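For clarity, every value in this text was computed on a predicted model and none was experimentally measured. Side-chain atoms are counted along with the backbone in the values below, which use heavy atoms only and exclude waters and symmetry mates. The first residue in the sequence is number 1, and the count goes up from there.
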Amino acid sequence: MMKEDERREKVPPNIFFFFSFFFFLFCGFSLITLSIFVSTFILSQLHEKRARLDTSTHTQLCARFYASLLRKRTEMIPKSATTTLKRGDSMVVFSSSSSSFSVFGKRRRFILPQPCPRRRHQNHQTHHHHHHHPKKYSSRGVPSFAAVNDDANARDEDFLHKLGVKLRKETGREAKMPPGRVGLFGVRETLEYLMDSNAFVETRVKKYGPIFKTAFFFKPTIAFGSKEAVDEFKSFEASLPADEALPETFRELHTEYGALKQSGAKHKATRKNFSRVLGREALETYVPEIAMRTEEFVNKLEQRKVFLFLGKDIKRFALKTLFYLFLGKVPEDSIIEEMYLYNAGLLSLGKFDPTFKKGESALEKLTQYVLEYYLEIKKDEAKLNAPEHFFLKQYSEATDEFGDTFSDERVAVTVVLMVWGSYIEAAALMGHSIRILGEKGNADVLKKAKEEARALREEEEQTLSTLAQKGKYLLAVSKETLRFHPQTAGGLRVNPTDRTFCGYDIPAGYVLTADPRIAFLDESAFSDPKAFNPSRFLEASKSEDRFFPGGMGQHQCPGINLATTMNVIFLTKFLTTFSSWTPSEGMPEEVPLVQVPIVIIADEYSVDLMQ
């Protein structure tokens, strides 16, 4: 006992205090962070449960509650402002970082009072510190009311944003940075982005112009899309690292073989192999198979005479088709389901999220399934050279940056990644095309598309050449769909050092992204950007270099041409089989969307088909 007491006395008591203090500090900080996510989840659940309540009293109370949370130090909303919302409508409250914030179901606009003159004056002074005023674009899909932002930066200077500026050591240089808001850890910006990514970008373009700071996936980000910014970005983009810009869960599940994670010589070698399976020769090989499978899919729709799920049915069709093109066989349904789990896991909240665990398990099962089949085919040279194994044949000869042939495991993982990236992109494009063509305002576009589809169906055989010669308008419809309803952001790259970009100071550590959704709002490149007008792509114009739906530079999507080719073939058959389609009974007025990793129509949304 005496010796033990002596040992205790030798330990200075201040060490216990030191460790205890920091232990409780760490626990407190963790508890606060956890409470943010928990409260966000609870609020989202309450939103869903309250979505059907349509009394004006409830709407007024919620308007006042969210206004007090989202814009402190702002005048209270007058009761008269809320009475403009009709019974059954949803509401949108302007937040301090966005011109809108969805609270319930449908998306509506709710105009908050204009700020006091003193704030406007402060903001006017702030803008004098900028090197130039960003060009203002009109915002597609945003109502043209006069509730916009003379004091955009002043409203964003809340406590958390100021604290974030200090932590990131941006005090004194913020006036030289692009306008916008990051916040403390980018939580609010990220959550708003995940709720409606396209509307998120549109409102910020309207508020700040074509270059602004924000946060994507909790990382401080500079998003841009002006021609000048994109051209300047191209000059140094290839030297920027990509891995750290991606969410942790995506990096983990995308594997070391994923091109989005790679830079330098490794990435260059990976991209070189893409051309073997996604170039013109490859597309020529794929077209007959795509046409045959599309014919079978649409014929089944015609025979069963029921509704079409624009998300679920088209996803399954695209996934089976891409599995056949890249593997040579269509897996059983259990493997198809694993791909859905993998897709969901890519952008889960973190490694602690059960969705991530399921995605991790799905990746292992998918890789093992492909690997076993590949090894079986590889044993027989005749099978490997068969037309259906074109993709496997090409990758059996693929080499890395050192000239070494890909391992069997790398080939298997590559098949999984390519199927995933291609199917989700193609399915989103097909679903959005049908939805947009079916809208009343696009009757003339639908008529032209049907006329070309009928002419194309008369061809004895569909080849890449016939699609290019006689499917020009359908290709234009595909491109305009990608512009009018963008499916994804541009590539995310990390800025490793301080730099001057477009006259602005960009600190090291910020993510840089050339966002196509910003470019697509540029009226100088796309006249009347709110209108769905495929004819704009039939003419040679100055907008060609402004159209990059899959990103630009080293990490642009290599599968855009495959997706548009699949869509032209799909529209050719679909438009000559069905005369019209309308939302099924009980469907919401606004089409529900899944926002990440690609904006795609939700599984539950369906349309009734008329022959």
Side chain of Thr466, backbone of Gln462: donor and acceptor closer than 3.5 Å? no

Looking at side-chain heavy atoms only, is the closest gap between Leu571 and Tyr473 below 4.5 Å? no

Students often mix this up, so state it plainly: with edges at 30° and 60°, are the rings of Tyr395 and Phe406 parallel, tilted or perpendicular? tilted

Atom NZ of Lys234 with >12 non-hydrogen neighbours under 6.0 angstrom: yes

pair Pro549-Gln487: side-chain heavy atoms closer than 4.5 Å: no

Would you check, one step at a time, whether the test side chain to side chain contact (heavy atoms under 4.5 Å, CB included) holds for Phe274 with Met418? CA-CA 9 Å; Phe274 285 166; Met418 293 287 279; 3.7 Å; yes

We want to know whether Thr577 and Glu302 form a side-chain donor-acceptor pair, criterion being a heavy-atom distance below 3.5 angstrom. no

Calculate, to the nearest 0.5 Å, the distance between atoms OH and OG1 belonging to Tyr257 and Thr414 respectively. 8.0 Å

Output field: ring centroids Phe537/Phe547 closer than 6.0 Å: yes

How about Glu372 and Gln368: does a side-chain donor come under 3.5 Å of a side-chain acceptor? yes

Taking the six-membered ring for Trp, is the centroid-to-centroid distance between Phe224 and Phe501 below 6.0 Å? yes

Lys227/Asp522 salt bridge by N-O under 4.0 Å criterion: no

With a 4.0 Å cut-off, would you call Glu189 and Arg204 a salt bridge? yes

May I ask you to check whether Phe484 and Phe520 place their ring centres under 6.0 Å from each other? no

Determine, step by step, whether Leu278 and Asn561 satisfy the side chain to side chain contact (heavy atoms under 4.5 Å, CB included) criterion, reporting the C-alpha distance in whole Å, the side-chain angles of both residues, the deciding distance to 0.1 Å, and the verdict. CA-CA 8 Å; Leu278 294 172; Asn561 287 338; over 6 Å; no

Polar contact flag, side-chain donor to acceptor under 3.5 angstrom, Ser478-Thr564: no

Evaluate the ring planes of Tyr423 and Tyr340, with Trp represented by its six-membered ring, and classify them as parallel (under 30°), tilted (30 to 60°) or perpendicular (over 60°). tilted

Any donor-acceptor N/O pair, Ser226 side chain to Ala229 backbone, under 3.5 Å: yes

Is Ile434 close to Trp581 at the side-chain level, that is, under 4.5 Å between some pair of heavy atoms? yes

Within a strict 4.5 Å, meaning less than it, do heavy atoms of the Tyr510 and Arg168 side chains meet? yes

Classify the ring geometry between Phe391 and Phe326 as parallel (under 30°), tilted (30 to 60°) or perpendicular (over 60°). tilted

Got a list of side-chain donor-acceptor pairs under 3.5 Å for residues 307-322, not counting sequence neighbours?
from   : atom 1 : to     : atom 2 : distance (Å)
Asp313 : OD2    : Arg304 : NH2    : 2.9
Asp313 : OD2    : Phe309 : N      : 3.0
Lys315 : NZ     : Asp603 : OD1    : 3.0
Arg316 : NH2    : Glu337 : OE2    : 2.6
Thr321 : OG1    : Phe317 : O      : 2.9

Could Lys266 and Glu401 be called an ion pair, given the rule that one side-chain N must be under 4.0 Å from one carboxylate O? no

Between atom CZ of Phe236 and atom CZ of Arg493, what is the distance when rounded to the nearest 0.5 Å? 10.0 Å

Are any non-hydrogen side-chain atoms of Leu492 and Lys219 less than 4.5 angstrom apart? no

Does Gln262 reach the main-chain N or O of Glu256 with its side chain, forming a donor-acceptor pair under 3.5 Å? yes

Between the side chains of Lys470 and Glu458, is the shortest nitrogen-to-carboxylate-oxygen separation below 4.0 Å, so that they form an ion pair? no

Mark yes or no for whether Asn198, through its side chain, and His485, through its backbone, hold a donor-acceptor pair below 3.5 Å. no

Enumerate, atom names and distances included, each donor-acceptor pair closer than 3.5 Å involving a side-chain atom of residues 353-362, sequence neighbours excluded.
from   : atom 1 : to     : atom 2 : distance (Å)
Asp353 : OD1    : Thr355 : N      : 2.9
Asp353 : OD1    : Thr355 : OG1    : 3.3
Asp353 : OD2    : Leu349 : N      : 3.2

Distance col, row Phe578:CZ vs Lys573:NZ, nearest 0.5 angstrom, shows 8.5 Å

Is a salt bridge present between Arg457 and Glu295, judged by a nitrogen-to-oxygen distance below 4.0 Å? yes

Rounded to the nearest 0.5 Å, what separation is found between the CG atom of Leu417 and the CG atom of Leu366? 10.0 Å

Is Glu397 salt-bridged to Lys393, going by a charged N under 4.0 Å from an acidic O? yes

Where the side chain of Thr249 meets the backbone of Ser348, is there a donor-acceptor pair that is under 3.5 Å apart? yes

Quick check for you: to the nearest 0.5 Å, what is the distance between Leu464 atom CG and Arg280 atom CZ? 4.5 Å

How long is the straight-line distance from CD of Glu480 back to CZ of Phe532, given to the nearest 0.5 Å? 5.5 Å

